[in-house]
Amino acid sequence: MGEKLNRVITSKFGDKLRSFYTSVWYMIVFGLICAICHLFDLTILACVLFTVLLVPAFIFCKNLLMLVPFMTMCSFSITESTNVETGYYNTPVRIATLITLLVILIAALLFNLIYYKTIKVLFKKAYLTASLCLATSALMLGGITESTFTLMGVATAIAIGLCMFLPYSAVVNCVEYEGEKTIKLFAWTLVTVTVIIGVAVLKSYYLHDFDTTTVHPKEYLRFGFAISNSAAAYVVIALPLTFYLVYKYKHGFLLMAVVALEIFIIVMNYSRSSLVVALPGTLIVTIALMFKKKRGRLAYNITCGILFAVTIAIVVSLREKTYDALIEPFHGGSFDSGRFKIWKQGFEAWQGSPVFGVGLWFLPTQGHAYTSFHCTPLTYLYCAGVVGAAAYLYHRYKSVRLVFSTKLTSERVFLALSILAMLLNALLDVGMTSAPHLIFYAIMLGYIELDAVKTRSAVLAAAQQVAAEQGAQDSSNETVPASSQTEVNSTASE
């Protein structure tokens, strides 16, 4: 039985499947499923199709790269009308379907862990393992000396920790990293995420007749997988890696259309926190690539020149409307939308418990949802005290050190820019306490570590080769004089 299974897995059919699961086509298929099922409220069908895709992947692939599209995109199939809180799944048929699919997926996952012995390396300690565990532990202890300490807070901290640790560990220990090829696949995955979000935004506007006057779009830009701010935050993460594709391809200037689409989606989401990061960030990277892009720089510079000219012409000709459009997102009663209020509230509470903080569930909940302080450093400080802030700063230090641990590559630079964009956005939003966003964060950390390891190995190998060549040359230089001395001695004897 084992030999037959081995022959099937190592057959040409198996090779073709493995090639498919590590190609851009697999990611495109996954994205299409998410976009179509979100558009037509077919979340159950999406679950079925995800299972159909993942079961062969678990059976034929040791490389867990095939899990990246699933981890990053599966939640986008959920719509506002198929959200858990709507009771959409509370029918015998749907419950039975989901349970059956879950059992099948667990069985396939167990097969992968046992057959490929993935379980032996999945939880192997990596560079950031300790700092992630410390940050999670600090959040778990948050508010332990206060009445606001709850088991729900502990459970939330564990969920936050798992969403960072599991994808990070899976990428570092179980993904076969191929440098540029791997990061290009991830970049295209994020471009696909942008398209899916664009579909969701367009659907919401269409269902409300593109009304932006009688009802503010923020009221109906709720997609099921996220609200407008959180959806825009995904696009902010995607922007730097879209620029990575612009930088890498000779005709990458064509992808500036995707960059423009991403900015447009952020604007259409009326997300202030995302706009504050995306607009200046896009301008800085656009200008930087005018000097740093190696292939197709002239065409890129011409494209950017045209884009700048068109933008300036639009701003000048429609200056009043442009001004209103730019400041309108910041008109919502106050510039900060209540952030200053909850920051002040958290600070006052933290003063009474500076060491361990007030706990993750200190703020009043909205329905059954967790309410964040909308600022990552303040969340760690207020919720877990000085202990939590120190743990977070230690993790931040380790992650920055990892980026610069060896010779920089374009892959690591653009991954780091995506994480920086996410962290800047999270200074005003919930990104670092949102499970789906943390999965993106963990995957990028894993890729950065893999790239650092690969680069360090390449540098070491090059140094060893130079040393070997130098040693051979020195040996050759030493051999010649020795031979000459022998001849001299022989002549003298004669």
Side-chain angles (χ1 to χ4, degrees), residues 8-40 42-43 45-77 101 104-105 108-109 112 116 167 170-171 174-200 225 234-235 237-238 241-252 254-255 257-259 261-262 411 414-415 418 439-440 443-444 446-447 450:
V8 172
I9 290 176
T10 57
S11 64
K12 290 184 178 180
F13 174 72
D15 291 339
K16 288 182 179 180
L17 274 180
R18 281 185 288 276
S19 179
F20 168 71
Y21 283 115
T22 54
S23 72
V24 71
W25 296 109
Y26 170 55
M27 176 271 301
I28 290 173
V29 169
F30 224 103
L32 282 173
I33 291 172
C34 292
I36 293 171
C37 290
H38 181 92
L39 190 60
F40 297 103
L42 299 172
T43 305
L45 176 61
C47 294
V48 173
L49 295 176
F50 292 158
T51 304
V52 170
L53 279 174
L54 284 174
V55 168
F58 280 129
I59 294 173
F60 286 92
C61 300
K62 180 181 179 180
N63 184 0
L64 291 189
L65 181 66
M66 47 82 176
L67 274 179
V68 172
F70 173 74
M71 290 189 291
T72 53
M73 287 193 278
C74 67
S75 64
F76 295 109
S77 62
L101 295 175
I104 293 172
L105 277 178
L109 173 61
N112 185 282
Y116 294 107
V171 167
C174 304
V175 166
E176 297 172 13
Y177 183 70
E178 299 181 64
E180 181 179 313
K181 179 183 176 182
T182 302
I183 303 307
K184 277 184 176 178
L185 279 175
F186 184 63
W188 280 114
T189 299
L190 295 190
V191 170
T192 306
V193 166
T194 294
V195 173
I196 297 170
I197 292 173
V199 169
F225 59 83
Y234 288 115
V235 185
I237 297 171
L241 282 168
T242 306
F243 274 110
Y244 171 76
L245 296 175
V246 172
Y247 173 75
K248 280 294 180 179
Y249 288 118
K250 181 179 180 180
H251 298 97
L254 297 173
L255 292 170
V258 179
V259 173
L261 173 64
E262 289 169 341
E411 286 72 32
F414 282 97
L415 284 166
S418 279
I439 291 172
F440 282 71
I443 292 171
M444 291 188 289
Y447 280 144
L450 287 176

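- Counting non-hydrogen atoms of neighbouring residues, nucleotides and ligands closer than 6.0 angstrom, the NZ atom of Lys184 exceeds 12 such neighbours.
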Report the C-alpha distance between Val175 and Asn63 in whole Å, list the side-chain angles of each, state the deciding distance to 0.1 Å, and finish with yes or no for side-chain contact (heavy atoms from CB on, under 4.5 Å). CA-CA 5 Å; Val175 166; Asn63 184 0; 4.0 Å; yes

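- Ring pair Tyr234/Phe76: centre-to-centre distance below 6.0 Å.
- Electrostatic pairing of Lys248 and Glu411 counts as a salt bridge here, judged by a charged N lying under 4.0 Å from a carboxylate O.
- Each of Leu54, Val29, Leu32, Ile33 was scored for a side chain to side chain contact (heavy atoms under 4.5 Å, CB included) with Leu49, with one residue passing: Ile33.
- Residues Val193 and Ile237 are not in side-chain contact: their nearest non-hydrogen atoms beyond the backbone lie 4.5 Å or more apart.
- Side-chain contact check for Glu178 versus Thr22: every heavy-atom pair is 4.5 Å or farther apart.
- The ring-ring contact (aromatic ring centres under 6.0 Å, His included) with Phe60 is formed by just one residue from the set Tyr21, Phe20, Phe13; it is Phe13.
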Would Phe243 and Tyr247 satisfy ring-ring contact (aromatic ring centres under 6.0 Å, His included), going step by step from the backbone distance to the final call? CA-CA 6 Å; Phe243 274 110; Tyr247 173 75; over 10 Å; no

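- Between Ile443 and Phe186, the shortest heavy-atom contact is CG2-CE1, 3.7 Å.
- Put simply, CD1 on Ile196 and SG on Cys34 are 4.5 Å apart, with the number rounded to the nearest 0.5 Å.
- Side-chain contact check for Phe440 versus Ser418: every heavy-atom pair is 4.5 Å or farther apart.
- Between Leu39 and Ile36 there is no side-chain heavy-atom pair separated by less than 4.5 Å.
- Applying side chain to side chain contact (heavy atoms under 4.5 Å, CB included) to Cys37 and the options Thr43, Leu42, Val48 leaves one that passes, Leu42.
- Looking only at side-chain heavy atoms (C-beta outward), Leu45 and Phe40 stay at 4.5 Å or farther from each other.
- Salt bridge Arg18/Asp15: present, at least one basic N to carboxylate O contact under 4.0 Å.
- Side chains of Phe58 and Leu67 form a contact here, defined as non-hydrogen atoms less than 4.5 Å apart.
- To the nearest 0.5 Å, the span separating CG on Leu105 from CZ on Phe50 amounts to 11.0 Å.
- The aromatic rings of Tyr177 and Tyr447 sit tilted relative to each other, their planes meeting at an angle between 30° and 60°.
- Between Trp188 and Tyr249, the two ring planes are tilted [angle within 30° to 60°].
- The two atoms that bring Leu255 and Thr242 nearest to each other are O-CG2, 4.3 Å, heavy atoms only.
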